[in-house]
Student: 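Encoded as structure tokens, here's the structure I'll be asking about.
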Amino acid sequence: MEAPRHWRLKKQRYSLTGEVCPHCSAKIFPPRDVCPECGQEAKTAFQFSGKGEVFSYTTINDAPSGYQEQAPYAVALVKLNEGPIVTAQLTDLGAEPVRIGMPVEMVTRRIKDDGNERGVILYGYKFRPVIAGPR
Amino acid sequence: MNTNQEKKQVVIAGIGMLPVGEHWDLSLRTLGARAVRKALADSGNLKPDAIYIGNGLANILSHQANLGALISDEAGFSGIESCTFEAAGASGAAAFRAACLAVQSGLIDVAVALGVEKITDCDGSTALTAQDLILNYEFEGITGLTVAAGAAIIAQRYISEHLLDHSIFQNIALQSYQHAQDNPNAMYRNGLTAAMYQKQSIKNDPLGLFDISSLADGAAALVVTREELIPVESREEMVRVLGSANAIAPLSLHDRHQLLQYSAASQSAASALRKAGMSLNEVDLFELWDANSIDTVLSMEAIGLALPGKGWQTENIILNSMGGCLGRGNPLGASGAYQLAEAVLQLRGQAGACQIAQLPKRALVQALGGLGSTAITHILGHG
Ligand SMILES: [Zn+2]
């Protein structure tokens, strides 16, 4: 179990907390010390809406250990409405085929079984299709 | 920026390769030491001052770090300088660049660059999981992404943006498998037909079995020294290192400004050509990265060999003449060293049945690590 790492990342994984650059207003996820847009220091927390669209995707049949129970599953690059792209699994797809441009929203789900005797389960963000209709 | 004013010419005095495949009977140290000894024998038994080792996965798959001491001692060179360089798929190329810099500096006279990877000490799924270390663990690996899936995500976007379909990858695979047929060190020597390709299982949509290289055991080494240390009568035939450059780009796919532009590949190729004082049209032979066929497509475009959307059209250049990672097999941290050694064989006219018809004068060899996040380019040639 990698407790310190999971503790450190929990705001990012549970609530998609990133940063906004105080110098150029770029939205940043995941947070980092140097703004990738202007190269200056970035430290101001920013809460993303969790809405976006599929930028690209694939399906994983041969899953790595810790993920085999979930296979097959789709992993996507999701372009958030605020600009940044995040890597995430897609979930709750039902019969709907994944397509580039599909609107999606963040949900919190089980990410991984730690696979050890203590049975620790890791939670974090996945994205699901936005239900069609008025929003 | 450096121009072509490096007085001390680096020459490749020897090469050695083991067949790529499943070496159940050989350990990591034996594979590595044998390639080193083969390369030194090819150099006329030069005595190395340093051995630089490119390796990606020994820490996991062989439970082994500190390869410098392990392998160099095994090869019979206790007392010399040795350590490891890691840059995912570009590890072998990183070790070679280190060897070139060392001899060019004048502080080292003879250096060996070894790429070595021992994949088959564990089962296949362990090897693939280890390979996923080259992704950003906290924000990519944690989602269940794999390296092949990352390549597929890039390929999916490529096909969509350029209104193409997955058949564009067929020629790259067919060509690599065809070239590998004549390479005695290649893993896949039975060829591949269009019918077989079209019936392949799709592993990660849109990439199939033959679009993704297979990890395997391998070791390849090159001996470098300065031209001034070589007897005058032997200098003419030596392959020289004319340019060398390493560039990186964001590791995570989601951090890249343009997913379909391999900026590191572009920058390192341009920089290596500039150091060689050459333009792209003076290159006769290309060894480009093909751990996944989309890597080759985007490398073609990044280097300037094809326009965006056309990088799958490789007919106009001589590419991966000994099979590349797809046909030769991909011993990850060693593949960069194989690419270089294969280019040396072509430039020497010693590539056997793989020899290209008109003896090439200059080769551009580029290894990528981690889906284009690291790119190391070398220009080799005869002056
Ligand atoms: Zn900024």
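Chain identifiers are assigned alphabetically (A, B, ...) following the order of the sequence lines, protein sequences preceding nucleic acid strands; residue numbering begins at 1 within each chain. A quick note: this is a predicted structure, and the numbers were derived from the prediction, not measured.
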Student: Counting only heavy atoms closer than 4.5 Å, note whether B:Leu128 contacts chain A via side chain, backbone, both or neither.
Tutor: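 No part of B:Leu128 comes within 4.5 Å of chain A.
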
Student: Can you tell me how far apart OG (B:Ser125) and CG (A:Asp62) are? Round to the nearest 0.5 Å.
Tutor: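 The OG atom of B:Ser125 sits 9.5 Å away from the CG atom of A:Asp62.
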
Student: Can you say whether A:Arg99 sits under 4.5 Å from chain B via the side chain, the backbone, both, or neither, judging by heavy atoms?
Tutor: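 Looking at A:Arg99, nothing touches chain B.
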
Student: A:Tyr67 and B:Thr143: which non-hydrogen atoms are nearest, and at how many Å?
Tutor: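 For A:Tyr67 versus B:Thr143, the nearest heavy atoms are CE2-C, 3.8 Å.
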
Student: Can you tell which part of A:Ile60 gets under 4.5 Å to a heavy atom of chain B, answering side chain, backbone, both or neither?
Tutor: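 Answer is both: backbone and side chain atoms of A:Ile60 are under 4.5 Å from chain B.
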
Student: Quick check: closest heavy atoms across A:Phe55 and B:Leu259, and the distance to 0.1 Å?
Tutor: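 For A:Phe55 and B:Leu259, the tightest heavy-atom pair comes out as CE2-CD2, 3.8 Å.
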
Student: Between A:Thr59 (side chain only) and B:Asn204 (backbone N and O only), is there a donor and an acceptor less than 3.5 Å apart?
Tutor: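 Pair absent, no side-chain N/O of A:Thr59 close to backbone of B:Asn204.
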
Student: Could you walk me through whether B:Ile153 and A:Val75 satisfy the side chain to side chain contact (heavy atoms under 4.5 Å, CB included) test, starting with their C-alpha distance in whole Å, then the side-chain angles of each, then the deciding distance to 0.1 Å, before giving a yes or no?
Tutor: CA-CA 8 Å; B:Ile153 285 175; A:Val75 176; 4.2 Å; yes

Student: Could you look at A:Gln12 and say if it's the side chain, the backbone, both or neither that has a heavy atom under 4.5 Å from chain B?
Tutor: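 Side chain only.
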
Student: Is a side-chain N or O of A:Tyr57 found less than 3.5 angstrom from the main chain of B:Arg157, in a donor-acceptor match?
Tutor: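 No, the answer is negative, given that no donor and acceptor are paired below the 3.5 Å cut-off.
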
Student: Quick one, B:His254 and A:Lys79 - any side-chain contact, counting heavy atoms below 4.5 Å?
Tutor: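 They are not in contact (no side-chain heavy atoms under 4.5 Å apart), so the answer is no.
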
Student: Report, as yes or no, whether the 6.0 Å neighbourhood of atom CD on A:Glu41 holds more than 12 heavy atoms from other residues, nucleotides or ligands.
Tutor: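 No, because the 6.0 Å sphere around CD of A:Glu41 holds 12 heavy atoms or fewer from other groups.
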
Student: Measure across A:Arg13 and B:Ile142 and return the closest heavy-atom pair with its distance rounded to 0.1 Å.
Tutor: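 Heavy-atom minimum between the residues: NH2-CG1, 3.7 Å.
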
Student: Between B:Thr129 and A:Ser65, what is the shortest heavy-atom contact and its length?
Tutor: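 So the two residues come closest at OG1-N, 4.0 Å.
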
Student: If we define contacts as heavy-atom pairs under 4.5 Å, which of B:Asp255, B:Leu253, B:Ile154, B:Thr126 has the most with chain A?
Tutor: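 The option with the most such pairs is B:Asp255.
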
Student: Check for a donor-acceptor pair, side chain of A:Ser56 on one end and backbone N or O of B:Gln156 on the other, with a separation under 3.5 Å.
Tutor: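 Absent.
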
Student: Name the member of B:Ala148, B:Gly141, B:Ala149, B:Gly144 that forms the most heavy-atom pairs with chain A at distances under 4.5 Å.
Tutor: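 Between B:Ala148, B:Gly141, B:Ala149, B:Gly144, the count favours B:Gly144.
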
Student: Quick one: OG1 on A:Thr87 to CD on B:Glu138, what's the gap to the nearest 0.5 Å?
Tutor: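 Spacing of OG1 (A:Thr87) from CD (B:Glu138) equals 13.0 Å.
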
Student: Does B:Asp165 have more than 12 heavy atoms from other residues, nucleotides or ligands lying within 6.0 Å of its CG?
Tutor: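 Yes.
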
Student: If you draw a 6.0 Å radius around NZ in A:Lys27, do more than 12 non-hydrogen atoms from other residues or ligands fall strictly inside?
Tutor: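 Enclosed.
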
Student: Check this for me: A:Glu69, atom CD, are more than 12 non-hydrogen atoms of other residues, nucleotides or ligands nearer than 6.0 Å?
Tutor: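 12 or below, so no.
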
